[in-house]
Amino acid sequence: MPDTQVLAAAPADATSTTYDAIIIGAGIAGMYQLYRLRQLGMKVRVFETGTGVGGTWYWNRYPGARFDSESYTYGYSFDEALLKDWNWSEHFAAQPETLRYLNHVADRFDLRRDIQFESRVTAARWDEAKREWQITLEGGATHRSRMLVTCLGPLSADTLPRIPGVADFQGQSFHTYRWPHEPVQFAGKRVAVIGTGATGVQVIQTIAPHVGSLTVFQRTPNWCTPLHNRPITEDEQARIKANYPQMFELLKTTPGCYIHDTDPRSVFDVSEQEREAFWEKLYGEPGFGIWVGNFRDVLTDPKANALFSDFVARKIRQRVKDPATAEKLIPKCHGFGTRRVPQETRYFEAYNLPHVTLVDTRETPIERITPTGIRTSAAEFEFDMIIYATGFDAITGAFDRIEFHGANGTLKDHWRDGPKTYLGLMSSGFPNMVTIAGPHNASVRCNIPRCIEQNVEWVSDFLAHVQARGITRFEATPAAEAEWSRHIEELAAGMLYTQIDSWATGINRNVEGKDVRRILQYQGGAPQYRASCDAVAAEGYRGMVLS
Ligand SMILES: Cc1cc2nc3c(=O)[nH]c(=O)nc-3n(C[C@H](O)[C@H](O)[C@H](O)COP(=O)(O)OP(=O)(O)OC[C@H]3O[C@@H](n4cnc5c(N)ncnc54)[C@H](O)[C@@H]3O)c2cc1C
């Protein structure tokens with residue numbers, strides 16, 4: 001922690017519209033960044049599109065929305081009293097509980113007084129003469145700030161499918177991200193779900209028993225594995241709280257900051273019986289262990305990956321009664337873990353219900369949404385409700401929705417061929433701007449609050465350093481940016497996921513121009529990422545020009 005006494009004091013004029021820092025976004029990242037910058041005595045303003053705090057957990061109110069990180073590993077770790085006070089009720093908490101938690105954090109640290117809700121930032125322009133950012137809100141209001149911290153979220157730019165007729169449907173229709181705050185009734189309704197990613201899976205398994213009929217439109221099946229959620233008992237609660245310090249230390253050592261760590265063995269180091277027994281054990285255990293705690297070569301060696309994919313395929317065949325439906329639910333175009341692994345609870349069993357139908361849109365593509373339902377190349381369906389579980393323009397989408405004008409041009413132009421960053425925290429040509437949980441950062445492959453805390457703490461220390469020295473301009477050098485961007489490419493080499501179309505590789509058929517695979521994520525693991533950031537700080541923030 002830097003010594004806050006040596007910092008330049010925030011301007012005394014409370015009516016001034018020039019802030020020390022403007023933060024965009026009041027999710028986990030924006031909330032913690034506000035807390036830390038306030039501690040440095042800075043005058044900070046947060047702008048947030050929604051009407052409340054919580055980001056992901058404010059927006060995604062769809063039925064079944066819940067963690068696939070263990071709840072107690074996901075909460076903030078920076079305040080001991082907060083950790084002691086909060087009781088998670090389940091190992092993988094549902095969205096309402098997480099939103100309550102984040103509101104509790106906002107109350108506890110009185111965060112809302114510096115957050116302006118219903119304020120979408122549309123543009124941010126660097127003013128070289130004044131060394132300030134000017135940001136513009138929807139509606140035209142402008143605000144100025146010496147520094148800009150973007151906390152936009154990797155999954156906050158929702159996308160509807162590019163299918164003709166989406167606006168024509170006369171029934172109820174919802175994107176899962178923009179789920180209404182009021183209860184939605186399902187009883188007796190004919191419901192369609194488009195999309196079978198992590199969100200679609202959570203929705204389908206949750207509403208299937210409660211609807212009149214459910215028709216699932218699937219383009220890409222996914223390798224879903226059991227979540228095994230359950231309530232936290234009183235004994236477990238006590239143990240979790242007693243072990244928080246050790247657990248957070250452990251989380252700093254694993255590649256994704258999960259409690260699961262990669263098994264150092266190769267798939268081929270063990271006998272077939274041992275392998276099957278290990279995989280049975282992983283399949284029976286809660287959480288992401290099956291993905292991030294598997295043999296070390298499952299995500300890098302195609303032969304190892306094929307063996308494990310076959311194991312999961314056998315499970316799907318055992319669980320789905322109709323063999324034709326089971327085959328449709330087994331991915332054929334990608335191996336296990338090369339796309340985000342949805343965690344499920346009786347998802348496959350939903351397809352055994354007589355009123356649930358699976359439509360494979362690769363066989364019979366959707367031609368259009370009609371006023372009464374959906375028309376495919378084979379049939380016309382009538383629905384009362386369509387749920388779009390069609391996800392996000394991930395990682396860079398929220399950046400594309402703001403016009404950033406830096407010192408030499410726009411961010412859109414600078415990132416035209418993929419993001420260019422230094423440490424995944426800043427970009428050359430965009431002075432006094434830092435990004436939390438953005439592209440090229442460890443956070444997207446991480447149990448994200450752990451990586452967000454690291455990002456925020458590093459950035460806060462850096463901004464304290466800047467203020468203490470009277471520095472009014474900082475910028476990553478093009479050379480440092482090029483070196484980091486090369487490093488990102490090198491780390492991803494050999495990872496099977498880079499050969500697959502998915503949001504993790506920047507592909508989104510619903511967004512124009514998102515049709516070329518990119519390396520968007522840092523693959524070296526969180527401990528190595530943290531070490532790189534710390535080394536830059538220890539060397540006086542090398543790779544930047546400070547003036
Ligand atoms: C359904 C779902 C479940 C998830 N579960 C997990 C999990 O179990 N474990 C895990 O590690 N990760 C999970 N994630 C990833 C998730 O994004 C992170 O957990 C986390 O919420 C990221 O925090 P954030 O603050 O970076 O972004 P967000 O929570 O997305 O917050 C960003 C905020 O910025 C605001 N914003 C964006 N653009 C603008 C703008 N132009 N102007 C004003 N405000 C703007 C948004 O409204 C939003 O409130 C999940 C994601 C989803 C969608």
Side-chain angles (χ1 to χ4, degrees), residues 27-29 31-32 35-36 53-58 60 64-109 111 198 202 225-263 281-294 341 343-345 437 442-443 445-457 525-527 530:
I28 300 201
M31 290 169 68
Y32 185 39
Y35 171 82
R36 289 301 298 253
V53 297
T56 286
W57 307 104
Y58 165 87
N60 290 276
R66 68 171 63 247
F67 285 146
D68 29 38
S69 295
E70 285 74 7
S71 312
Y72 35 91
T73 70
Y74 189 98
Y76 291 111
S77 74
F78 66 87
D79 188 272
E80 211 178 308
L82 171 65
L83 284 166
K84 287 221 167 99
D85 277 7
W86 186 261
N87 290 338
W88 292 103
S89 71
E90 293 179 282
H91 284 266
F92 302 89
Q95 173 272 336
E97 183 169 341
T98 307
L99 184 57
R100 272 199 308 279
Y101 167 74
L102 291 168
N103 274 295
H104 168 75
V105 173
D107 291 342
R108 189 180 190 104
F109 300 108
L111 296 181
Q202 289 186 332
T225 52
L227 178 66
H228 296 301
N229 186 30
R230 61 185 172 79
I232 293 175
T233 64
E234 264 183 44
D235 277 1
E236 284 173 332
Q237 194 76 259
R239 267 203 305 279
I240 288 165
K241 289 193 181 177
N243 284 329
Y244 266 137
Q246 295 89 319
M247 186 198 71
F248 286 118
E249 279 311 304
L250 168 79
L251 298 181
K252 282 188 184 158
T253 66
T254 61
C257 302
Y258 290 97
I259 49 176
H260 319 280
D261 200 355
T262 317
D263 191 294
K281 177 174 159 295
L282 287 179
Y283 202 79
E285 285 177 346
F288 267 150
I290 199 160
W291 189 18
V292 298
N294 215 315
V341 174
Q343 300 261 281
E344 52 84 24
T345 305
S443 45
R445 286 197 67 83
C446 186
N447 182 14
I448 209 166
R450 304 284 64 79
C451 285
I452 283 175
E453 282 188 343
Q454 182 274 340
N455 278 199
V456 166
E457 285 160 16
R530 181 186 292 271

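Each residue takes its place number in the sequence, starting with 1. These values consider heavy atoms only, across backbone and side chains, with no hydrogens, waters or symmetry-generated copies.
Between Cys446 and Cys257, the sulfur-to-sulfur (SG-SG) separation does not fall under 2.5 Å.
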In sequence, state the C-alpha distance, the side-chain angles, and the governing distance for Arg230 and Glu236, and then conclude on side-chain contact (heavy atoms from CB on, under 4.5 Å). CA-CA 11 Å; Arg230 61 185 172 79; Glu236 284 173 332; 2.8 Å; yes
Run the numbers on Asn294 and Asp263 for side-chain contact (heavy atoms from CB on, under 4.5 Å), then give the verdict. CA-CA 6 Å; Asn294 215 315; Asp263 191 294; over 6 Å; no
Walk me through it: do Leu99 and Tyr58 pass the test side-chain contact (heavy atoms from CB on, under 4.5 Å)? CA-CA 6 Å; Leu99 184 57; Tyr58 165 87; 4.1 Å; yes
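No close placement of the Trp291 and Tyr258 rings is indicated, their centers lying 6.0 Å or farther apart.
Using a 30° and 60° split on the angle between ring planes, His104 and Trp86 fall in the tilted class, from 30° to 60°.
For Glu453 (side chain) and Ser77 (main-chain N/O), a donor-acceptor pair under 3.5 Å exists by modelled atom type. Without hydrogens or angle criteria, Ser71 side chain to Ala93 main chain gives a donor-acceptor distance under 3.5 Å. With hydrogens and angles disregarded, no donor-acceptor distance shorter than 3.5 Å links the side chain of Asn447 to the backbone of Ser69. No donor-acceptor pair under 3.5 Å is formed between the side chain of His91 and the backbone N or O of Tyr72. A donor-acceptor distance shorter than 3.5 angstrom exists from the side chain of Arg450 to the backbone of Thr73, with no hydrogens or angles considered. Within the 3.5 Å criterion, the main-chain N or O of Gln343 finds no donor-acceptor partner in the side chain of Gln202.
Heavy-atom minimum distance, Asn455 versus Ser443: OD1-OG, 4.4 Å. Closest approach of His260 to Pro286, counting heavy atoms only: CE1-O, 3.7 Å. Listed here is the closest heavy atom pair of Pro255 and Asp261: CD-OD1, 3.3 Å.
Crowding of Gln246 atom CD: a count of heavy atoms from other residues, nucleotides or ligands under 6.0 Å exceeding 12.
Here Leu227 contributes atom CG and Phe288 contributes atom CZ; the two are 9.0 Å apart, rounded to the nearest 0.5 Å. For the atom pair OG1 (Thr98) and CG (Asn60), the distance works out to 11.0 Å, reported to the nearest 0.5 Å. Taking CH2 of Trp57 as the start and CD1 of Ile28 as the end, the distance is 8.0 Å to the nearest 0.5 Å.
Screening Tyr35, Tyr76, Tyr32 against Phe109 for a ring pair (Phe, Tyr, Trp, His ring centres under 6.0 Å) leaves a single residue, Tyr35. Just one of Tyr101, Trp88, Phe92 meets the ring pair (Phe, Tyr, Trp, His ring centres under 6.0 Å) condition when paired with Phe67; it is Trp88.
For residues 88-105, the pairs satisfying salt bridge (charged side-chain N to carboxylate O under 4.0 Å, His left out) are Arg66-Glu90, with sequence neighbours left out. Applying the salt bridge (charged side-chain N to carboxylate O under 4.0 Å, His left out) rule to pairs touching residues 282-293 yields Lys281-Glu285, sequence neighbours excluded.
With a 4.5 Å cut-off on side-chain heavy atoms, Lys241 and Asn87 count as touching.
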